[in-house]
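Report on the following structure.
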There are 2 protein chains.
Amino acid sequence: MPLKMRKNRSPKPPEPCLLTECMQVIAGAWAPNVIWSLRAGPRRFSELKVDIPPVSSKVLSARLSELEERGVLLRHVRPTSPPSVEYELTDLGEELIPALEAIVEVGHKLKARRGYHAVAEAAE
Amino acid sequence: MPLKMRKNRSPKPPEPCLLTECMQVIAGAWAPNVIWSLRAGPRRFSELKVDIPPVSSKVLSARLSELEERGVLLRHVRPTSPPSVEYELTDLGEELIPALEAIVEVGHKLKARRGYHAVAEAAE
DNA sequence: ACAAGTAGGTTTCTAATGGTAACTATGTTT
DNA sequence: AAACATAGTTACCATTAGAAACCTACTTGT
């Protein structure tokens, strides 16, 4: 006997997906890390590169312009010599912080879990 | 006078980045949506496609194998006719739910904010 | 004076990822 | 017999990411 398909869990036609919408704001390689690094205040290009070692200039540059375009952060050129550029979160950017905190919190759990498994595996 | 670089905000050598680690678990197109769709219980391939209309068979298939490999979900073939395949979250998968809830919560804020801006722009 | 360094990128090239559409195998329903 | 359902796979193309080199303007060290 063929299976019946269970009904849809999230009615699609009426409203766009809130999960997808928020994910699109933080989409792109290293975007969450950039936002996380800016949570404590403004930060310059080269400082961000130090905060996030694996990111290349090209990708960091691309991500910063995208995030600026999305209204997540502001770019501010300061008349130093040589000129420096500071990035800082907008109010919208600040709203993303709780979600990133929740993700970091899961990171802690994963770490604890790995430690536990490593011990369990070593004991076998 | 040249600027001094402010000190690094997250000491890198000692520990790997918790944010990046958790992000890698939910990485890949539509992965968060798949996990979200499974949060209320097991779901079949074609049901997931209905839950997440924009995903293609190819990408859904790729995502499901990756998530299984990462230990986020289990694949279970049932001897129906034709055979059907159910996917369900593991304990590790369940641990990701709070983070996704936080993201959905931001989705709500973004929606509210959009409505507000739309009104403000219309009034100009 | 001249080489090297700093800041904030851009350019080029290659590899991996994602999207579209067509196609498959087995078995059931009409 | 033709059509449909399930759970994918395959081929092809467009976009994205990563590595490494390069660039302009200004400053510092020898």
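Quantities reported herein were computed from a predicted structural model and do not represent experimental measurements. The basis for the numbers below is simple: all heavy atoms, side chains too, and nothing from hydrogens, waters or symmetry mates. Order of the sequence lines sets the chain letters (A, B, ...), proteins ahead of strands, with each chain counted from 1.
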Nearest-0.5 Å distance, CG of residue Leu89(B) to CD of residue Glu95(B): 11.5 Å
Euclidean distance, atom CG of residue Leu60(B) to atom C1' of dG8(D) [Å, nearest integer]: 10 Å
Got a minute to check which stems DNA chain C is part of, using Watson-Crick or G-U wobble pairs under 3.5 Å, three or more consecutive? C:1-30 with D:1-30
Roughly, in whole Å, what's the span from CD in Gln24(B) to P in dT17(C)? 12 Å
Where along nucleotides 17-26 of chain D does protein come under 4.0 Å, by heavy atom, of base (B) or sugar-phosphate alone (S), with - for untouched nucleotides? BBB------S
In whole angstrom, give the distance that lies between atom CD of Glu68(A) and atom P of dG8(C). 15 Å
Whole angstrom value for the distance that separates P of dT6(D) from CD of Glu86(B): 13 Å
Regarding Arg70(A) and Glu66(A), does a basic nitrogen lie under 4.0 Å from an acidic carboxylate oxygen? yes
Working to the nearest 0.5 Å, report the span between CG of Asn33(A) and CD1 of Ile26(A). 10.5 Å
Would you say Ser46(A) places a side-chain N or O within less than 4.0 Å of OP1 or OP2 belonging to dG8(C)? yes
Taking atom types as modelled, is there a side-chain donor on Ser57(A) or Ser61(A) under 3.5 Å from an acceptor on the other? no
State which of dG8(C), dA7(D), dG9(C) makes the closest approach to the side chain of Arg75(B). dA7(D)
Beyond-backbone contact of Glu68(A) with Val72(A), side-chain heavy atoms, under 4.5 angstrom: no
Separation of Leu100(A) CG from Ile103(B) CD1 (nearest 0.5 Å): 8.0 Å
Grab the OH-C1' distance between Tyr87(B) and dA7(D) for me, whole Å please. 7 Å
Return the value, rounded to whole Å, for the distance between atom CD of Glu47(A) and atom P of dG8(C). 8 Å
Nearest 0.5 angstrom please: Glu88(B) CD to Glu94(B) CD, how far? 9.0 Å
Testing Arg43(B), Arg75(B), Arg78(B) one by one against Glu86(B) for a salt bridge (charged side-chain N to carboxylate O under 4.0 Å, His left out), which residue passes? Arg78(B)
Quick one: Asp51(B) CG to dA7(D) P, roughly how many Å, whole number? 13 Å
Could you give the CZ-to-C1' distance, from Arg44(A) to dG9(C), as a whole number of Å? 14 Å
To the nearest 0.5 Å, what is the distance between OG1 (Thr20(A)) and CH2 (Trp30(B))? 5.0 Å
